[in-house]
Participant: 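Got a structure for you, questions after.
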Protein chains: 2
Amino acid sequence: MGVTKTEIFSDTQNEIAQLAKAFAHPARVAILHQLFKSTTCICGDLVDEIGLAQATISQHLKELKNLGLIKGNIEGTSVCYCINEEKWENMKSIFNAFFNQEIKTNNCC
Amino acid sequence: MGVTKTEIFSDTQNEIAQLAKAFAHPARVAILHQLFKSTTCICGDLVDEIGLAQATISQHLKELKNLGLIKGNIEGTSVCYCINEEKWENMKSIFNAFFNQEIKTNNCC
DNA sequence: TATATTAATCGTAATATTGCAATAAACAAA
DNA sequence: TTTGTTTATTGCAATATTACGATTAATATA
């Protein structure tokens, strides 16, 4: 109960679900938007920009980092985060394959 | 606490998050895979194919239907589900815009 | 060394999601 | 009408996620 039955799904299905979770919360989408558009991507700036508590932003950053979609670089006392281009491209190709499946026409709808 | 603060994010950010939830569970990915590859897409077949309880599949179908990504057609006692092509294309363009943002090169990482 | 500054982690509270048995609803067929 | 077939809904129980205050850790600066 309440536990996702990972074992009954294919690796691809689990990977898509795992990656999709990165985008399944607006705060993480906002963080990624910010990392795309800004050349300075210090954690503290994200806190100011987005308006959630520092602990909350830090937690979201951790999830994105765990998925490999972003990487962080320590700069003195602050940490600069960036999109991990390689993983981002990899993620894109996984979703594109999923999104661009051919739809079989069938008679029911 | 524990409530997503929808109001502090942009419409686009919330829409992406909402749509991403469709793909954030392997059962829903599996259902969509099935709807793509099969010409018969009866709910009962999905239950057999995927191996979750009928109530659980029905619930996942409802979420996909609420997002508009699939549509159902009643055929006697059974219901045939299909990808909603129009909404699927719309969803694709939203994600493509998000995925294909230009990455600003910055000096920190 | 003492004091800021910045980010990660811990602990906790609250909400959300997942899964399923049981039941209801809708319809076909006998 | 009664019975079977199929799907939706209800009502839990359990796990997962979200949020944040407080604290810790690490480093820069006075």
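Protein chains get the first letters and strands the later ones, always in sequence-line order, with residue 1 at the start of each. Below, all heavy atoms of this structure are taken into account, side chains as well, without hydrogens, waters or symmetry copies.
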Participant: Would you please name every residue forming a side chain to side chain contact (heavy atoms under 4.5 Å, CB included) with B/Glu85, sequence neighbours left out?
Facilitator: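 Per chain and number, B/Glu85 pairs via side chain to side chain contact (heavy atoms under 4.5 Å, CB included) with A/Ile103.
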Participant: Which nucleotide in the set D/dA8, D/dT18, C/dA7 lies at the smallest distance from any side-chain heavy atom of A/Glu63?
Facilitator: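 The listed nucleotide nearest to A/Glu63's side chain is D/dT18.
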Participant: For DNA chain D, what residues of residues 12-26 of chain A have any heavy atom nearer than 4.0 Å?
Facilitator: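 Correct list: A/Lys21, A/His25.
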Participant: Roughly what angle, to 10°, lies between the helix axis at the start of the helix from C/dT1-D/dA30 to C/dA30-D/dT1 and the one at its end, five pairs per end?
Facilitator: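 For the helix from C/dT1-D/dA30 to C/dA30-D/dT1, the axes at opposite ends meet at about 10°.
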Participant: Would you please name every residue forming a salt bridge (Lys or Arg N to Asp or Glu O under 4.0 Å) with B/Glu49, sequence neighbours left out?
Facilitator: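 Once residues adjacent in sequence are excluded, B/Glu49 has no partner under the salt bridge (Lys or Arg N to Asp or Glu O under 4.0 Å) criterion.
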Participant: Got a sec, which residues hit side chain to side chain donor-acceptor pair (under 3.5 Å) with A/Ser10, two or more places apart in sequence or on another chain?
Facilitator: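 For A/Ser10, the residues satisfying side chain to side chain donor-acceptor pair (under 3.5 Å) (neighbours in sequence not counted) are A/Gln13.
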Participant: Please list every donor-acceptor pair under 3.5 Å in which a side-chain atom of residues 16-28 of chain B meets a protein atom from a residue at least two apart or in another chain.
Facilitator:
{"residue": "B/His25", "atom": "ND1", "partner": "B/Ala27", "partner atom": "N", "Å": "3.0"}
{"residue": "B/His25", "atom": "NE2", "partner": "A/Thr4", "partner atom": "OG1", "Å": "3.1"}
{"residue": "B/Arg28", "atom": "NE", "partner": "B/Lys21", "partner atom": "O", "Å": "3.4"}
{"residue": "B/Arg28", "atom": "NE", "partner": "B/Ala22", "partner atom": "O", "Å": "3.2"}
{"residue": "B/Arg28", "atom": "NH1", "partner": "B/His60", "partner atom": "ND1", "Å": "3.0"}
{"residue": "B/Arg28", "atom": "NH1", "partner": "B/Glu63", "partner atom": "OE1", "Å": "3.2"}
{"residue": "B/Arg28", "atom": "NH2", "partner": "B/Lys21", "partner atom": "O", "Å": "2.8"}

Participant: Is the shortest side-chain heavy-atom distance between A/Ile70 and A/Asn84 below 4.5 Å?
Facilitator: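 Not in contact.
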Participant: Taking all atoms of both residues into account, what is the closest heavy-atom pair of A/Ala30 and B/Phe9, and its distance?
Facilitator: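 Looks like CB-CD2, 4.0 Å.
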Participant: List in numerical order all residues of residues 48-59 of chain B for which some heavy atom is under 4.0 Å away from an atom belonging to DNA chain C.
Facilitator: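 DNA chain C contact set from residues 48-59 of chain B: B/Leu52, B/Ala53, B/Ala55, B/Thr56, B/Gln59.
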Participant: Between the protein and nucleotides 26-30 of chain C, list the N/O to N/O atom pairs that are separated by less than 3.5 angstrom.
Facilitator:
none

Participant: Give me the atom names and distance for the closest heavy-atom approach of B/Thr12 to A/His33.
Facilitator: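 Nearest pair, atom of B/Thr12 first, then A/His33: CG2-CE1, 4.4 Å.
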Participant: B/Asp45 CG to D/dT5 P: how many Å, rounded?
Facilitator: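 Computing the B/Asp45:CG to D/dT5:P distance gives 15 Å.
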Participant: Which heavy atom of B/Leu35 sits nearest to which heavy atom of B/Cys41, and what is that distance?
Facilitator: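 Closest approach of B/Leu35 to B/Cys41, heavy atoms only: CD2-CB, 3.4 Å.
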Participant: Figure out the CG/P separation between A/Leu64 and D/dT18, and round it to whole Å.
Facilitator: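 Interatomic distance, CG of A/Leu64 to P of D/dT18: 11 Å.
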Participant: Could you list the residues that satisfy salt bridge (Lys or Arg N to Asp or Glu O under 4.0 Å) with B/Lys92, not counting sequence neighbours?
Facilitator: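 Here the qualifying residues are B/Glu89.
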Participant: Map B/Phe9 and B/Ser78 onto DNA chain D by nearest heavy atom, then report which one ends up closer to the 5' terminus.
Facilitator: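 Upstream on the strand: B/Ser78.
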Participant: Mind calculating the distance between NZ (B/Lys62) and P (C/dA16) to the nearest angstrom?
Facilitator: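 Nearest whole value for this atom pair: 15 Å.
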Participant: What orientation do A/Trp88 and B/Phe99 show, parallel under 30°, tilted 30 to 60°, or perpendicular over 60°?
Facilitator: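 The arrangement is perpendicular - the two ring planes meet at more than 60°.
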Participant: State, to 0.1 Å, how close B/Cys43 and B/Tyr81 come at their nearest heavy-atom pair, and which atoms those are.
Facilitator: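 Distance-wise, the nearest heavy atoms are CB-CE1, 4.2 Å.
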Participant: I need the CG-P distance between A/Asn73 and C/dT6, as an integer number of Å.
Facilitator: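 Checked: the CG to P distance equals 17 Å.
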Participant: Quick one: pull up CE in A/Met91 and CG in A/Asn96 and give me the separation to the nearest 0.5 Å.
Facilitator: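 Answer rounded to 0.5 Å: 9.0 Å.
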Participant: Rounded to the nearest angstrom, tell me the gap between atom CG in A/Leu61 and atom C1' in C/dT9.
Facilitator: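 Taking atom C1' of C/dT9 as the reference, CG of A/Leu61 is at 14 Å.
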Participant: May I ask you to evaluate whether B/His60 reaches the phosphate of C/dT17, defined as a side-chain N or O under 4.0 Å from OP1 or OP2?
Facilitator: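 Indeed not, no polar side-chain atom of B/His60 lies that close.
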Participant: Using only side-chain N and O atoms of A/Tyr81, determine if any of them is under 4.0 Å from OP1 or OP2 of C/dT6.
Facilitator: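 Checking A/Tyr81 against C/dT6: no side-chain N or O falls below 4.0 Å of OP1 or OP2.
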Participant: Would you mind reporting whether B/Leu61 and B/Val79 have side-chain heavy atoms less than 4.5 Å apart?
Facilitator: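 Counting from C-beta outward, B/Val79 and B/Leu61 never come under 4.5 Å.
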Participant: To the nearest 0.5 Å, how far apart are SG in A/Cys82 and CG in A/Leu69?
Facilitator: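 One finds 13.5 Å between SG of A/Cys82 and CG of A/Leu69.
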